[in-house]
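What follows is one structure encoded as structure tokens, with my remarks underneath.
Only heavy atoms go into these numbers, but all of them, side chains included; no hydrogens, no water, no symmetry mates. When a ligand or atom number is given, it counts from 1 through the structure's own listing order. Small disclaimer: the values here were computed from a predicted structure and weren't measured.
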Amino acid sequence: MSVRPIVMLGDPRLRLKGLPVDSFGRPLHELLDDLAHTMRDAPGVGLAAPQLGEAVQACVIEVSDQLHELVNPMIVRATGDDRDLEGCLSLPGYYAYVTRRERVWVVAQNRFGRKIKVAGSGLLGRALQHELDHLEGKLFIDYLDSMDELIPVGASDEDEASAVPVAALG
Ligand code: ZN
């Protein structure tokens with residue numbers, strides 16, 4: 001298990017669509033371990049394989065001390081809308097308001113290929129949508145009308161952007 005460099009905005013590898021995983025052996029387990037280790041080191045709430053330069057459908061999310069390893073994940077149901085601040089480990093130091101679905105239901109496989117389901121709202125729901133977007137080569141800035149909407153961290157002491165929980169989803 002190792003901490004690996006995170007691919008940054010501007011690197012074309014962030015825009016690749018992840019290929020489906022069909023082998024659930026050691027290479028996948030090492031990738032998932034590296035994702036979790038790198039996410040925790042950052043620290044962030046999630047991390048997707050394209051952010052380590054691997055265009056495959058795998059990501060990790062950790063919210064409330066619960067680690068979710070999601071392979072070939074798919075949103076099967078979504079309800080409501082929620083607008084909140086969001087950041088990304090591939091674009092450190094900036095946040096923006098992004099409207100997402102309020103609650104999502106995801107079907108995926110675990111590291112052994114077994115079917116799993118995760119449902120979440122709030123931070124988990126937002127992280128699920130953010131990380132699944134990465135697997136399609138999509139970034140949160142794609143939802144913005146202009147890069148002027150990006151808010152630098154610490155722009156204002158009283159700004160919500162300095163609140164820790166919104167820090168770097170992944
Ligand atoms: Zn991200």
Side-chain angles (χ1 to χ4, degrees), residues 2-21 28 31-64 66-75 78 81-104 106 108 118 120-155 160-170:
S2 55
V3 172
R4 288 163 55 177
I6 295 174
V7 172
M8 292 293 152
L9 179 69
D11 189 314
R13 290 177 294 173
L14 274 185
R15 294 302 190 172
L16 297 176
K17 188 176 156 68
L19 294 171
V21 173
L28 174 66
L31 172 60
L32 289 167
D33 290 344
D34 286 354
L35 281 167
H37 209 54
T38 306
M39 169 188 70
R40 287 168 176 161
D41 179 72
V45 170
L47 197 64
Q51 292 179 282
L52 293 185
E54 300 203 26
V56 297
Q57 296 276 330
C59 65
V60 297
I61 294 170
E62 192 164 51
V63 174
S64 306
Q66 176 151 22
L67 178 67
H68 301 276
E69 295 179 334
L70 304 174
V71 180
N72 299 325
M74 212 169 47
I75 292 174
D81 290 311
D82 176 55
R83 187 165 175 80
D84 207 344
L85 281 169
E86 184 165 328
C88 178
L89 291 175
S90 293
L91 180 52
Y94 292 91
Y95 300 92
Y97 283 96
V98 178
T99 300
R100 299 269 189 190
R101 303 310 301 270
E102 196 274 328
R103 185 173 187 86
V104 293
V106 171
V118 183
S121 58
L123 184 59
L124 177 58
R126 184 164 292 272
L128 285 164
Q129 293 169 80
H130 182 107
E131 301 312 329
L132 266 64
D133 271 355
H134 272 300
L135 304 183
E136 302 300 317
K138 190 166 185 176
L139 304 173
F140 81 99
I141 53 171
D142 299 346
Y143 294 97
L144 309 181
D145 291 327
S146 152
M147 293 293 262
D148 292 342
E149 293 177 34
L150 287 174
I151 304 164
V153 174
E160 274 185 82
S162 43
V164 175
V166 294
L169 283 178

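At a cut-off of 2.8 Å, G44 is not counted among the residues with an N, O or S atom near the Zn ion (ligand 1).
Rounding to 10°, one obtains 110° for the angle at the Zn ion (ligand 1) between SG (C88) and NE2 (H134).
Summary: NE2 is the N/O/S atom of H130 found nearest to the Zn ion (ligand 1).
You'll find the side chain of L150 reaches within 4.5 Å of the side chain of F140, heavy atoms only.
No donor-acceptor pair under 3.5 Å is formed between the side chain of Q51 and the backbone N or O of L14. No donor-acceptor distance shorter than 3.5 angstrom exists from the side chain of R103 to the backbone of G120, with no hydrogens or angles considered.
The only option from I75, D81, D82 that meets the side-chain contact (heavy atoms from CB on, under 4.5 Å) definition with R101 turns out to be D81.
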